[in-house]
Amino acid sequence: EVRNTFLDGARLDGCDLSGARMIENDMGGLDLTKAILRRVTFAHSSLAGAKLAGSDLSTCDLSDANLSDADLEAAVLTGATANGVRFAGATLRQARMSGILAPNSDFRRAILDRADLTGATLHSAHFEKASAASSDFSRASLREASLADADLSGALFADANLSYADLSRAKIGGAEFAGARLEWAVLHRVEEPSARWQGTSLENVRRTDEDLRVAETWKPGEAPAWKS
């Protein structure tokens, strides 16, 4: 077990660290490109800015770790435990994350284009201003998640649970919501006729708040057109 150690900037690319316990360490900027990290425990560690492209982190324990701005392009996080992880600003393009357990995690401004998140547990996660174009969220749990201002163009949400989720101003052109649950979800300023909603549960969905829309789109010098 390695604990409370500074490894920032070290190079471990291509190494096999399967089963290691790396707890509460500072590994910011660490090069782990294409490393084999199956079942590694990174709980409470900082991997901010780490190079993890193509690495195998399947079934890892990343609980409360900091992976903000990390490069995880095409990384494998299948079945990983990632409760409360900070992925803010991270690159997760084409990452394989099916079955990941990541409730309350922070994906704000992350790049998740064409990522596989099928069956992921993502309730109460934050995806504000993230890009997840053409990603697959089929059967994922996104209950109470925030996807406000996210780019979800062409994403697949078949049979996903988005009840109470906030999709305000999200881009959903070409997205597929067949069989998804969106009860009490917020769809403020979400107007994409090309999205597919067949079989979607939209009970009590909250649509555009006109007063809020006016406030959000108002520009200096214009007379605000408040709803009477």
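Here the side chains of F127 and D151 are not in contact, with every heavy-atom distance at 4.5 Å or above. Taking 4.5 Å as the limit, some side-chain heavy atom of L32 sits within range of a side-chain heavy atom of L47. Residues H126 and E128 have side chains in contact (heavy-atom distance under 4.5 Å, counting atoms from C-beta outward). Side-chain contact check for V205 versus R207: some heavy-atom pair is nearer than 4.5 Å. Looking at L187 and L182, their side chains come closer than 4.5 Å, going by heavy atoms from C-beta outward.
Residues forming a side chain to side chain contact (heavy atoms under 4.5 Å, CB included) with T208 (at least two apart in sequence, or on another chain): H188, R189, E191, E210, R213. Listed by chain and number, the residues in a side chain to side chain donor-acceptor pair (under 3.5 Å) with D16 are S18 (sequence neighbours excluded). The ring-ring contact (aromatic ring centres under 6.0 Å, His included) check on F157 picks up F137, F177, with sequence neighbours excluded. In this view, R181 and E183 satisfy the salt bridge (Lys or Arg N to Asp or Glu O under 4.0 Å) rule, not counting sequence neighbours. Scanning for side chain to side chain contact (heavy atoms under 4.5 Å, CB included) contacts around D56 gives R38, S58, V76, with sequence neighbours left out.
Counting only N and O atoms by type, the side chains of S63 and N83 include no donor and acceptor under 3.5 Å apart.
Taking a cutoff of 4.0 Å between a charged side-chain nitrogen and a carboxylate oxygen, D149 and K129 do not qualify as a salt bridge.
Placement of L147 and V186 in two distinct hydrophobic clusters is found when ILVMFWY residues are connected by side-chain heavy-atom separations under 4.5 Å, directly or transitively. Criterion: ILVMFWY side-chain heavy atoms under 4.5 Å apart, direct or through other members. Under it, L17 and L62 are part of a common hydrophobic cluster. Residues L156 and I172 fall into different hydrophobic clusters, defined by Ile, Leu, Val, Met, Phe, Trp and Tyr side chains chained together at heavy-atom separations under 4.5 Å.
The CD1 atom of I111 sits 11.0 Å away from atom OG of S135, with the distance rounded to the nearest 0.5 Å. Expressed to the nearest 0.5 Å, how far NE2 of H123 lies from CD of E144 amounts to 8.5 Å. Note that OG of S194 and CD of E176 are 11.0 Å apart. Values are rounded to the nearest 0.5 Å. Distance check: N66 CG to S45 OG gives 10.0 Å after rounding to the nearest 0.5 Å. Annotation: the span from L112 atom CG to S134 atom OG amounts to 12.0 Å, rounded to 0.5 Å. Here CG of D61 is found 13.5 Å from CE of M22. Values are rounded to the nearest 0.5 Å.
Of all heavy-atom pairs between D26 and G28, the closest is OD1-N, 3.3 Å. Minimum heavy-atom separation, D113 to S131: OD1-OG, 2.6 Å. For F42 against A65, the heavy-atom pair with the smallest separation is O-CB, 3.7 Å. Counting all heavy atoms, side chain and backbone alike, S105 lies closest to A82 at OG-O, 2.6 Å.
Not one N or O on the side chain of S55 forms a donor-acceptor pair closer than 3.5 Å with the backbone of L72. Side-chain atoms of D31 come within 3.5 Å of backbone N or O of T33 as a donor-acceptor pair. Between the side chain of N25 and the backbone N or O of M27, no donor-acceptor pair lies under 3.5 Å.
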Output a table of donor-acceptor pairs, distance under 3.5 Å, between side-chain atoms of residues 85-103 and any protein atom two or more places apart or on a different chain; print 'none' if there are none.
from: R93; atom 1: NH1; to: E73; atom 2: OE1; distance (Å): 3.2

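The only member of D116, T118, D159 that meets side chain to side chain contact (heavy atoms under 4.5 Å, CB included) when paired with S138 is T118.
Heavy atoms from other residues, nucleotides or ligands lying under 6.0 Å from CH2 of W184 number 12 at most.
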